[in-house]
Amino acid sequence: MAATTAISTATAAAEEARLLRLEEQAEHGGGGAWEYLSLARRLRARRPAPVLRLGLSLLNDASARSRLASEQWTLYEQVAVAAMDCQRVDVAKDCIGVLSKQFPGSTRVGRLEALLFEAKGDWAEAERAYALILENNPFDQIAHKRKIAIAKAQGDMSVAVDYLNKYLELFMADHDAWRELAEIYVSLQMYKQAAFCYEELILAQPTIPLYHLAYAEVLYTLGGLENLQTAKKYYASTIQLTGGKNTRALFGVCLCSAAISQLTKGRNKEEDSSELQSLAAEALLKDYKQRSPSKEALIAGMLKNMKLS
């Protein structure tokens with residue numbers, strides 16, 4: 001698995017380097033504009049300014065446009081999105097108008113029209129456009145996600161939470177949506193709900209340390225003996241999953257240990273728990289000695305006050 005990941009990373013880096021070379025070549029009149037635009041689409045690279053410039057240069061050239069044949073419609077879409085990113089609403093409107101005439105009633109064009117309303121800040125019209133798309137296809141993921149984005153853009157987090165919950169009823173396996181919902185709950189100080197989201201993420205992807213750490217931090221924030229004990233376990237699992245290299249998790253073990261000690265007044269101390277907090281404190285000191293020697297004494301004093309060293 002490690003070898004496969006390394007190969008994938010190397011391939012992605014090579015493709016990104018190729019994209020940059022093509023961009024420089026095309027921008028300086030060396031040709032390859034269509035190759036660059038095609039690669040940008042395939043890599044889903046968000047480079048709106050060069051895409052807009054090079055895309056328009058092809059669309060405004062009748063002979064180049066005709067050579068693209070049916071692929072010109074893909075280019076119109078790509079340029080429309082880039083134009084909206086660059087706040088060139090006029091260009092986006094023209095491109096979408098061409099597509100609308102070519103593909104009347106298309107859901108894909110309908111999404112672009114809704115995005116144009118968003119670009120203009122016309123949230124109500126955008127909402128209506130997405131509602132129409134969902135009326136025809138309740139399982140259109142993009143339309144659902146854009147509604148969530150609109151609510152967030154307007155700062156209405158309660159509506160965003162409502163939309164996310166409805167979205168997850170349909171698409172329970174969307175891990176990014178669970179994480180987004182958890183983060184919004186944390187921002188609203190709805191920690192029990194955030195904990196539930198992280199539980200779902202850990203069940204689905206148990207080897208991702210970020211979820212263990214976030215869950216532990218939510219439980220630590222909630223407080224109480226049971227939550228602190230569980231938080232300590234998840235801080236420990238984060239340490240294990242990261243090979244002992246997560247400073248926040250090491251701090252978490254120490255903070256949980258100190259808080260539990262205060263709540264239990266030293267009763268029912270488990271030997272393995274005592275060993276864990278000692279190892280965490282030792283690892284913290286070693287980490288600061290290597291990376292920030294000037295703060296080693298500060299950390300040592302803090303751990304001493306917490307009676308962990």
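Predicted model only: the values in this text are computed from it and were never measured.
Between the side chain of Q193 and the backbone N or O of Y185 there is no donor-acceptor pair closer than 3.5 Å. Between the S261 side chain and the S257 main chain, no donor and acceptor come within less than 3.5 Å of each other. Between the side chain of T238 and the main chain of A249, no donor-acceptor pair closer than 3.5 Å is present. Side-chain atoms of N246 never come within 3.5 Å of backbone atoms of T242 as a donor-acceptor pair (strictly under, hydrogens ignored).
Linking ILVMFWY residues whenever their side-chain heavy atoms come closer than 4.5 Å, directly or via other members, places L68 and L39 in the same cluster. In the hydrophobic clustering of ILVMFWY residues, with side-chain heavy atoms under 4.5 Å counting as a link, W34 and V81 come out together.
Checked for salt-bridge contact, E180 and K152 meet the test: a charged N lies under 4.0 Å from a carboxylate O. Salt-bridge formation is not detected for the pair D61/R65: no Lys NZ or Arg NE/NH1/NH2 atom is positioned less than 4.0 Å from an Asp or Glu carboxylate oxygen. Under a 4.0 Å N-O distance rule, the pair E125/R128 qualifies as a salt bridge. With salt bridges taken as basic N to acidic carboxylate O contacts below 4.0 Å, none links R47 and D85.
Here the closest heavy-atom approach between residue V159 and residue A151 is recorded as CG1-CB, 3.9 Å. Smallest separation of non-hydrogen atoms from A129 and A114: CB-CB, 3.6 Å. In terms of heavy-atom proximity, A80 sits nearest to I96 at CB-CG1, 4.1 Å. Closest approach of A259 and L228 over heavy atoms only: CB-CD1, 3.7 Å. For A177 against L164, the heavy-atom pair with the smallest separation is O-CD2, 3.9 Å. Residues Y36 and L54 share a closest heavy-atom pair of CD2-CD1, 3.5 Å.
Distance check, rounded to the nearest 0.5 Å: CZ of R146 to CZ of F117 gives 14.5 Å. The OG atom of S158 lies 10.0 Å from the OH atom of Y163; values are rounded to the nearest 0.5 Å. Summarising the geometry, atom CG belonging to L37 is positioned 10.5 Å from atom CG belonging to L52; distances are rounded to the nearest 0.5 Å. The structure places CG of L181 at 9.5 Å from OH of Y198, a figure rounded to the nearest 0.5 Å. The CG atom of L134 sits 11.0 Å away from atom CD1 of I142, with the distance rounded to the nearest 0.5 Å. Atom-to-atom distance recorded for L75:CG and C95:SG is 8.0 Å, nearest 0.5 angstrom.
For E24, the CD atom is loosely surrounded, since the number of other residues' heavy atoms within 6.0 Å does not exceed 12. By the 6.0 Å contact criterion, NZ on K93 is open, its count of non-hydrogen atoms from other residues, nucleotides or ligands being 12 or less.
Using a 4.5 Å heavy-atom cutoff, the side chains of F103 and R108 are not in contact. Here the side chains of W178 and F196 are in contact, with some heavy-atom distance below 4.5 Å. Residues L213 and Y235 have side chains in contact (heavy-atom distance under 4.5 Å, counting atoms from C-beta outward). You'll find the side chain of I208 stays beyond 4.5 Å of the side chain of L201, heavy atoms only.
H212 meets the side-chain hydrogen bond (donor to acceptor under 3.5 Å, both in side chains) test with S237; sequence neighbours excluded. Taking Q72 as the reference, nothing meets the side-chain hydrogen bond (donor to acceptor under 3.5 Å, both in side chains) condition, with sequence neighbours excluded.
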Could you go through residues 12-22 and list every donor-acceptor pair under 3.5 Å that involves a side-chain atom there, pairing it with any protein atom two or more places apart or in another chain?
| unit_1 | atom_1 | unit_2 | atom_2 | d |
| --- | --- | --- | --- | --- |
| E15 | OE2 | R42 | NH1 | 3.0 |
| E15 | OE2 | R42 | NH2 | 2.9 |
| R18 | NH2 | E35 | OE2 | 2.7 |

For side-chain contact (heavy atoms from CB on, under 4.5 Å), just list the numbers for V89 and M84, CA-CA rounded to whole Å, side-chain angles, deciding distance to a tenth of an Å, and then say yes or no. CA-CA 6 Å; V89 174; M84 285 184 270; 5.9 Å; no

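Stacking of K147 on the aromatic ring of Y130 is not recorded, the 6.0 Å distance cut-off and the 45° axial limit not both being met.
For an aromatic pair to be called close, the ring centres must be under 6.0 Å apart, and F171 with Y167 satisfies this.
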